[in-house]
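The analysis underlying the following values was restricted to heavy atoms, covering all of them including side chains, and did not include hydrogens, waters or symmetry mates. Given the structure is predicted, the values throughout are model-derived calculations rather than measurements. Ligands are counted one by one from 1 in listed order, and the atoms in each one are counted from 1 as well.
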Amino acid sequence: MRQVALTSETDWAGWRAATRALVLAGVEPGDVGWVVGGPAEPLPEATGGFNVPRALVALAGVAIQAREPERFGLLYSLVWRAHGGEPVLDLPDDPDLNLARRLALSVRADAHRMRTHLRFMPAGEGLLGWYAPAHYVLEANAQLIVRRFPSRPLMIVTPDASAHWDGTSLRFGGGLARADDDETLRAWWEMHADVILADAREGTAVPEAEDLDESPRPPDRPALGPVVFPVMADPGLVAARREAAGCERCDLCDAATQTVFGEGPADALVLFVGEQPGDQEDVIGRPFVGPAGQLLDQALEEAGIDRRAIYITNAVKHFKFTLRGKRRIHVAPSPEEIAACGIWLDTERVRIRPKVLVLMGGSAARGVLGRPVAVTRERGQAMYLPDGQLVFVTVHPSYLLRVPEGAAQEREYQAFVRDLAAVRTLLTA
Ligand code: URA
């Protein structure tokens with residue numbers, strides 16, 4: 001067994017060098033062990049051509065930032081197979097590939113969430129902020145964050161590590177497990193800054209999550225693995241989902257990857273409706289798994305609502321977008337497209353019969369109420385449909401992502417959490 005010792009959880013350069021050398025030396029995945037820290041064994045000399053698709057290397061660069069202990073071996077095994085000539089990126093049911101893709105998506109969403117929620121306070125000449133990311137995204141993310149404040153010293157502290165920008169170079173040192181409040185953080189920083197800065201190391205050029213975005217993906221890019229929140233067996237819903245998969249009621253099916261139907265328990269007390277799947281939802285085939293979904297998850301948690309207990313869907317089941325260079329940019333659905341898709345939303349609503357129907361944003365409100373809705377005027381009020389259905393309008397989480405960062409964004413986010421808490425109250429009333 002070969003033991004590879006990486007220098008840190010995000011030692012991308014070390015992983016790449018070891019992977020290249022060991023694959024070329026013919027060391028099978030089962031014969032390689034990966035650890036972080038500890039003495040390094042010398043690597044065999046790498047000779048010969050190394051033939052692995054760039055997209056796989058890009059995927060590995062993001063997935064390696066996941067807080068998943070088996071990721072180094074998983075990614076090695078994919079590279080090993082690709083080098084051996086297997087078309088691993090074209091195997092839609094491959095569990096290893098699907099796991100790597102899920103890890104990469106989760107990393108990207110976490111990196112985005114960190115950039116959205118990280119708050120700074122003044123500290124000495126610079127700014128100091130604390131955040132606990134779910135994955136090891138500090139290193140790659142710090143490269144993006146410092147661009148916002150190029151001329152101010154910046155310290156970003158996380159439980160795993162801290163990043164230090166002095167205006168010219170970015171270095172990484174020890175972390176702080178918890179910052180209960182600003183004063184604790186500031187005091188900790190004042191006490192330890194000298195030691196941390198003296199020991200700080202250069203970053204290892206982890207790929208930036210944004211730069212590695214593979215979009216536009218080829219149209220036949222396979223859907224990712226198993227659904228986490230399955231639709232509970234309800235024959236009517238299962239049949240509707242199957243039928244909607246081939247829906248051609250409007251032109252949006254032409255460019256979208258797939259129909260993204262709702263998901264959640266069929267006996268859910270609350271049904272959340274968004275606008276339409278986004279770029280990531282379109283590829284994965286599940287609603288609210290991209291940045292807006294991550295923000296919604298967080299707000300639900302703060303409001304005391306368990307996402308696994310809700311049914312969540314969209315007014316329109318196909319992604320509408322326009323291409324800008326390589327990127328697929330969201331375009332709002334037209335009233336006609338919303339109306340054409342209404343049959344699926346009606347079916348979901350009738351089968352689930354929720355106690356409360358939550359409409360997030362103008363398209364969802366139009367889809368159910370059948371009229372234009374000024375969300376800011378009508379949000380937060382309980383209303384009833386002619387059939388007695390209780391309806392609650394609030395903003396769409398994507399709106400919160402568009403509000404300029406800072407106090408305004410925090411205020412809007414808190415107002416959204418308050419709306420969700422009001423929904424929870426309606427559920428228990
Ligand atoms: N926005 C939506 O409205 N729905 C999704 O599923 C994702 C983003």
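Polar contact with ligand 1: absent for S398 (N/O pair, distance under 3.5 Å). Below 3.5 Å of separation, one finds no N or O of G278 facing any N or O of ligand 1.
Those atoms of ligand 1 that come under 4.0 Å of a heavy atom in G274, given as number and element, are 3 (O). Numbered from 1 in the order shown, with element, the atoms of ligand 1 that lie under 4.0 Å from a heavy atom of P287 read 6 (O). Of all atoms in ligand 1, numbered sequentially from 1 with element shown, those under 4.0 Å from a heavy atom of E275 are 2 (C), 3 (O).
Taking the charged nitrogens against the carboxylate oxygens, E412 and R402 have no contact shorter than 4.0 Å, which rules out a salt bridge. The pair E68-R102 does not meet the salt-bridge criterion, since no charged nitrogen lies less than 4.0 angstrom from a carboxylate oxygen. Under the 4.0 Å criterion applied to side-chain N and carboxylate O atoms, D282 and R328 are assigned as salt-bridge partners. Using a 4.0 Å cut-off between charged side-chain N and carboxylate O, R113 and D297 make no salt bridge.
A centroid separation of less than 6.0 Å is found between the aromatic rings of H396 and F288.
Partner of N141 under the side-chain hydrogen bond (donor to acceptor under 3.5 Å, both in side chains) criterion, out of H112, R115, H135: R115 alone.
The protein atom (non-hydrogen) at minimum distance from atom 8 (C) of ligand 1 is Q276 O, 3.8 Å. Atom 6 (O) of ligand 1 has F288 N, 2.8 Å as its closest protein atom, hydrogens excluded (heavy atom only). In this structure, atom 4 (N) of ligand 1 lies nearest to the protein heavy atom N314 OD1, 2.7 Å.
Here the side chain of E281 pairs a donor or acceptor atom with the backbone of G290 at under 3.5 angstrom.
The closest approach between H396 and ligand 1 falls below 4.0 Å for a heavy atom of the residue.
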